[in-house]
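Single-structure report; data block below.
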2 protein chains.
Amino acid sequence: MNSYQQFALDALGDSTRRAIVDRLLRGPVSVGKLAEEFPISRPAISQHLRLLKEARLVIDEAQGTRRVYRLNPEGFETLRSYFDQFWIMALTAFKEKVEEQ
Amino acid sequence: MNSYQQFALDALGDSTRRAIVDRLLRGPVSVGKLAEEFPISRPAISQHLRLLKEARLVIDEAQGTRRVYRLNPEGFETLRSYFDQFWIMALTAFKEKVEEQ
DNA sequence: ATTTACGGTAAGTGAATTCTTACCAACAGT
DNA sequence: ACTGTTGGTAAGAATTCACTTACCGTAAAT
C-alpha cells in the first residue's frame, strides 16, 4: 500500500470530508460556496480541502480571486485499484480457509 | 452511500486498524496473538476489533476461551463496489467538464 | 470446585483533530 | 490608488479518539 492510499483513507475517515466529496460529485465548487452549504466555517472547509488535496482526491484551480475545487478521478482510481487487489487477496485467503475444512 | 460503508471508511481511517486488517490478510488470529504482535495493549486491540466488526469488515468466532478474528470478504466487496460506482460517477463528471471546454 | 487462560467492558487520561476567530495576501472592479 | 471579495494560515479552544489500568465473565483444565 503506497502512502497516497494511506492519506486517502485517512482523509475519507472523516464524515465532513466525505460529505464534501459527495458534494463535489455534483460538480466543481468554490470554497465560499462550499462553506455556505455546510454548517461549519470557511477556514474549516479550507482545512478539510487541504487534506483532501494532499491525499490527491481533489484538484484546485484558481479562477480570479476564487478557487474552484473538483474531484481528482486519478486519486479515486488509485484507491479503487487498491480495493480490487485487496478484495482479491481477502477472497483468496477466505477460500483457502474454507477448502481446508 | 449506506451506513455500513460510512462505518467501514471510519474504521479504515485509523492506521492501527489498517495494520490489523493487513495482518488478517495473512490469516485468522486470536485477540491475544494480535495483541502480542502490536505495541499496544490487548484491550486497545479489542476496541479496534469492535469497530472493525461493527463495520462488517471482520468476523469473529469463538474457539474455546479464544476468539478468532478473520476478514469478512463481503464487507470489502461492498466497499469495493462502492468505489467502482463512485469512480464511474467521478469520471463521468470529469469527462463532462472536459467536453464543455 | 478451583485455578488458569482468554477476552470484553468501564472509567479516566493524554494526545490528536476539528473547529473558531483573527489576520493577511491576492485579485477585480471602481 | 482604493475598496470589496475571496480564500489561505496561525493560534488557541473544544471536542473526539485512542490508550491504559482495573475489573468481570466464561470456558477449559487440573
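Chain A is the first sequence line, chain B the second, and so forth, proteins listed ahead of strands; every chain is numbered from 1.
Phosphate contact (OP1/OP2 of C:dG8, side-chain N/O of B:Tyr69, threshold under 4.0 Å): present. OP1 and OP2 of C:dG7 both lie 4.0 Å or more from every side-chain N or O belonging to B:Arg67. Within the structure, a side-chain polar atom (N or O) of B:His48 is placed less than 4.0 Å from OP1 or OP2 of D:dC19. Between B:Ser46 and C:dC6 there is no side-chain N or O to OP1 or OP2 distance below 4.0 Å.
Atom CG of B:Asp14 and atom C1' of C:dA16 are 11 Å apart (whole Å). Atom CZ of B:Arg66 is separated from atom C1' of D:dA28 by 11 Å (rounded to the nearest Å). If you take CG of A:Leu49 and P of D:dT6, they are 16 Å apart, rounded to a whole angstrom. Summarising the geometry, the separation between CG on A:Leu51 and P on C:dC19 is reported as 11 Å, rounded to the nearest angstrom. Distance CG (A:Leu52) to P (D:dG8): 12 Å, rounded to an integer number of Å. Rounded to whole Å, the distance from CG on A:Asp10 to P on C:dT18 is 9 Å. One interatomic measurement links the two molecules: CZ of A:Arg50 to P of C:dT17, which rounds to 12 Å at whole-angstrom precision. Regarding A:Gln47, its CD atom lies at a distance of 11 Å from the C1' atom of D:dA11, rounded to whole Å.
For A:Arg66, the salt bridge (charged side-chain N to carboxylate O under 4.0 Å, His left out) criterion is met by no residue, not counting sequence neighbours.
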Could you walk me through whether A:Lys33 and A:Glu36 pass salt bridge (Lys or Arg N to Asp or Glu O under 4.0 Å), step by step?
-> CA-CA 5 Å; A:Lys33 191 75 172 43; A:Glu36 282 173 18; 5.1 Å; no
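Taking the side chain as every heavy atom from C-beta outward, B:Val29 and B:Tyr69 never approach each other to under 4.5 Å.
Between A:Glu61 and A:Arg67 there is no salt bridge, since no side-chain N of the basic residue sits under 4.0 Å from a carboxylate O of the acidic one.
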List the protein contact pattern of nucleotides 23-30 of chain C with one symbol per nucleotide (5' to 3'): B for base contact, S for sugar-phosphate-only contact, - for none; contact means a heavy-atom distance under 4.0 Å.
-> ----BS--
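Using a 30° and 60° split on the angle between ring planes, B:Phe83 and A:Phe83 fall in the parallel class, below 30°.
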Could you give the side-chain donor-acceptor pairs of residues 44-59 of chain B under 3.5 Å, partners two or more places apart or in another chain?
{"unit_1": "B:His48", "atom_1": "ND1", "unit_2": "B:Arg17", "atom_2": "NH1", "d": "3.0"}
{"unit_1": "B:Lys53", "atom_1": "NZ", "unit_2": "B:Asp60", "atom_2": "OD1", "d": "3.2"}
{"unit_1": "B:Lys53", "atom_1": "NZ", "unit_2": "B:Asp60", "atom_2": "OD2", "d": "3.1"}
{"unit_1": "B:Arg56", "atom_1": "NH2", "unit_2": "B:Tyr4", "atom_2": "OH", "d": "2.4"}

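Of the two residues contacting DNA chain C, namely B:Asp60 and A:Ala44, the nearest-nucleotide position lying further toward the 5' end is that of B:Asp60.
Picking from C:dG7, C:dT20, D:dT21 the nucleotide with the shortest atom distance to the side chain of B:Ser30 gives C:dG7. Set against C:dT18, D:dG8, D:dA18, the side chain of A:Val31 has D:dG8 as its closest nucleotide.
Hydrophobic clustering (side-chain heavy atoms under 4.5 Å, transitive across Ile, Leu, Val, Met, Phe, Trp, Tyr) keeps A:Val68 apart from A:Leu24.
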